[in-house]
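Remember, predicted model here, so these are calculated numbers, not experimental data.
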Amino acid sequence: MPPRSEVFCRGAGGADGMPVIFSHELDVDTLQPGDFRVTTASGNVGKLVCVTMLPAIDPGELRTVLLVGDFGSAQSDPPVTVEIVGNLHSIDNTVNFKGASIKVTPLDPGPTLILAETLPKKTWRLGRESNGRVGSSTGCPTEGVQQIVRVVWAGGVTTANNKEPGDLERNAYRVTVKNANGSTTDVTPFALGDLADNDNNHELCLDTTDVPVSVSFPAGYLTDPNNDLNPATSIEVIQR
């Protein structure tokens, strides 16, 4: 974690960071470091300094928790599992994640798509501009939008030069849509939203009313904070 991490978590500078992504948005009032147990390959239990939802805090994004602490050595004793050992609830209180566990993705592999969903029109924030602050991202354009698909990556993503995605990356996205006659077509978003906030979400701005079925992205365009390039990745779209 970079030194500037101390702003939101004392002791974070130089510590390990691990994003954990949930299937539902979380009730942040039930979130605390004691909810998580990170176990390394040797069986040691990692030490958590803090947990935070930053920077993915826009409405609809409260699925990604950043764990900060000491989680072993990626080379000699890497973290292998994350368990939820406390009462951690979804925002609608329908799910208690206590008892859930998952294997840790090793450090070296690049970021992959982990979720895609259509956004209800009432949640669109067209034309929004970023003010450079955490949680302040751009929106899709005010004109031409028929649908928006949010994609969630396994961690924060930027281009290889640590810049926000542009037309090159936008054109790399492929959204498979189903036409009225049941056939499928691949389309490209005409714009990208949810940029300039350093999180793991992108909004794919679509100018078609055909039903989005899946999203794919080729290898070698985006990097995670460890500067690992993404592999080819794809995900089915959840209809909201």
Side-chain angles (χ1 to χ4, degrees), residues 1 4-5 7-9 12 16-38 48-69 82-102 104-105 111-126 128-140 147-158 164 192-205 215 224-225 235-240:
M1 298 288 291
R4 65 178 182 273
S5 305
V7 172
F8 63 84
C9 174
D16 301 325
M18 182 191 300
V20 180
I21 300 166
F22 289 79
S23 57
H24 296 62
E25 286 194 275
L26 298 179
D27 177 358
V28 295
D29 290 336
T30 67
L31 176 67
Q32 53 189 347
D35 294 331
F36 298 85
R37 178 184 292 134
V38 179
L48 271 79
V49 174
C50 70
V51 295
T52 179
M53 305 297 296
L54 294 171
I57 58 173
D58 276 334
E61 291 184 354
L62 298 178
R63 292 188 180 89
T64 303
V65 180
L66 179 62
L67 312 187
V68 180
V82 175
E83 302 170 83
I84 310 302
V85 295
N87 292 305
L88 179 55
H89 294 267
S90 61
I91 198 169
D92 59 5
N93 206 36
T94 62
V95 180
N96 185 344
F97 287 99
K98 184 176 182 178
S101 64
I102 195 166
V104 176
T105 302
T112 56
L113 291 169
I114 198 166
L115 183 142
E117 61 179 355
T118 56
L119 298 187
K121 194 169 185 178
K122 64 182 180 181
T123 67
W124 295 2
R125 290 161 292 166
L126 304 182
R128 187 177 67 164
E129 297 182 358
S130 173
N131 60 16
R133 297 178 180 176
V134 173
S136 169
S137 61
T138 61
C140 286
Q147 296 182 82
I148 300 175
V149 174
R150 174 191 286 128
V151 293
V152 183
W153 290 81
V157 287
T158 62
E164 289 293 335
L192 294 180
D194 203 350
L195 303 179
D197 61 351
N198 296 312
D199 70 12
N200 57 331
N201 295 264
H202 288 158
E203 290 181 358
L204 310 185
C205 315
V215 176
D224 60 20
I235 195 80
E236 293 185 357
V237 176
I238 299 171
Q239 304 296 320
R240 299 297 190 191

Review point. If you measure from NE2 on H24 to CG on D92, what distance do you get to the nearest 0.5 Å?
Key: 6.0 Å

Review point. Quick one: are V28 and M53 in side-chain contact, heavy atoms under 4.5 Å?
Key: yes

Review point. Could you give the distance from OG1 (T123) to CZ (R125), rounded to the nearest 0.5 Å?
Key: 7.0 Å

**Study point:** D35/K98 ion pair, N-O < 4.0 Å
**Key:** no

**Study point:** Nearest-0.5 Å distance, CD of residue E203 to CZ of residue R150
**Key:** 6.0 Å

Review point. Where the side chain of R37 meets the backbone of V82, is there a donor-acceptor pair that is under 3.5 Å apart?
Key: no

Exercise for review: Return yes if some donor-acceptor pair links the side-chain N/O of E164 with the main-chain N/O of L195 below 3.5 Å, else return no.
Suggested key: no

Point to revise | Partner residues of F36 under the ring-ring contact (aromatic ring centres under 6.0 Å, His included) criterion, sequence neighbours left out | key: none

Point to revise | Which atom of L62 lies closest to which atom of A56, heavy atoms considered | key: CD2-O, 3.9 Å

Exercise for review: Kindly say whether V95 contributes a backbone atom to a donor-acceptor pair with the side chain of S90 at under 3.5 angstrom?
Suggested key: yes

Review point. Any side-chain heavy atom of L119 within less than 4.5 Å of one from V149?
Key: no

Study note, to complete from the structure: In terms of heavy-atom contacts, L115 and R63 come closest through CD1-NE, 4.1 Å

Exercise for review: Side-chain contact test, heavy atoms from C-beta onward, threshold under 4.5 Å: evaluate it for N87 versus T30 and give yes or no.
Suggested key: no

Point to revise | Backbone N/O of G193 and side chain of T138: donor-acceptor pair under 3.5 Å | key: no

Review point. Checking side chain to side chain contact (heavy atoms under 4.5 Å, CB included) for the pair F22/T64: CA distance, chi angles, key distance, verdict?
Key: CA-CA 6 Å; F22 289 79; T64 303; over 6 Å; no

Review point. Going by atom types only, do D194 and N201 share a side-chain donor-acceptor pair under 3.5 Å?
Key: no

Review point. Does the side chain of L126 reach to within under 4.5 Å of the side chain of I148, using non-hydrogen atoms?
Key: yes

Check your understanding: Which pair of heavy atoms, one from P33 and one from C50, lies closest together, and at what distance?
Key -> CG-CA, 4.0 Å

Check your understanding: Measuring from D199:CG to L66:CG, what's the distance to the nearest 0.5 Å?
Key -> 12.0 Å

**Study point:** Heavy-atom pair of closest approach, residues P225 and G156
**Key:** CD-O, 3.3 Å

Exercise for review: Mark yes when over 12 heavy atoms from residues, nucleotides or ligands other than E236 sit less than 6.0 Å from its CD; otherwise mark no.
Suggested key: no

**Study point:** Reported CD1-to-CD1 distance for the pair I114 and I21, which is rounded to 0.5 angstrom
**Key:** 4.5 Å

**Study point:** Inter-residue atom distance Q147.CD - Q239.CD, 0.5 Å rounding
**Key:** 7.5 Å

Point to revise | Side-chain heavy atoms of R128 within contact of S137, under 4.5 Å | key: yes

Point to revise | Check: D27 side chain, I91 main-chain N or O, donor-acceptor pair, under 3.5 Å | key: no

Review point. What pair of heavy atoms forms the shortest contact from V215 to A116, and how long is it?
Key: CG2-CB, 4.3 Å

Point to revise | Test item: V104 and M18 side chains (from C-beta on) under 4.5 Å apart, heavy atoms | key: yes

Exercise for review: Side-chain contact test, heavy atoms from C-beta onward, threshold under 4.5 Å: evaluate it for L113 versus V152 and give yes or no.
Suggested key: no

Exercise for review: Apply the test side chain to side chain contact (heavy atoms under 4.5 Å, CB included) to residues V68 and M1: give CA-CA distance (whole Å), side-chain angles for both, the deciding distance (0.1 Å), then the verdict.
Suggested key: CA-CA 8 Å; V68 180; M1 298 288 291; 4.1 Å; yes

Check your understanding: When you look at L192 and L204, which way does the side chain to side chain contact (heavy atoms under 4.5 Å, CB included) test go after all the steps?
Key -> CA-CA 5 Å; L192 294 180; L204 310 185; 3.6 Å; yes

Review point. For I238, does the CD1 atom sit with more than 12 other heavy atoms under 6.0 Å from it, leaving out its own atoms?
Key: yes

Study note, to complete from the structure: In short, A196 meets S130 closest at the heavy-atom pair O-OG, 3.5 Å

Point to revise | Intermediate values then yes/no, side chain to side chain contact (heavy atoms under 4.5 Å, CB included), V65 and L31 | key: CA-CA 9 Å; V65 180; L31 176 67; 4.1 Å; yes

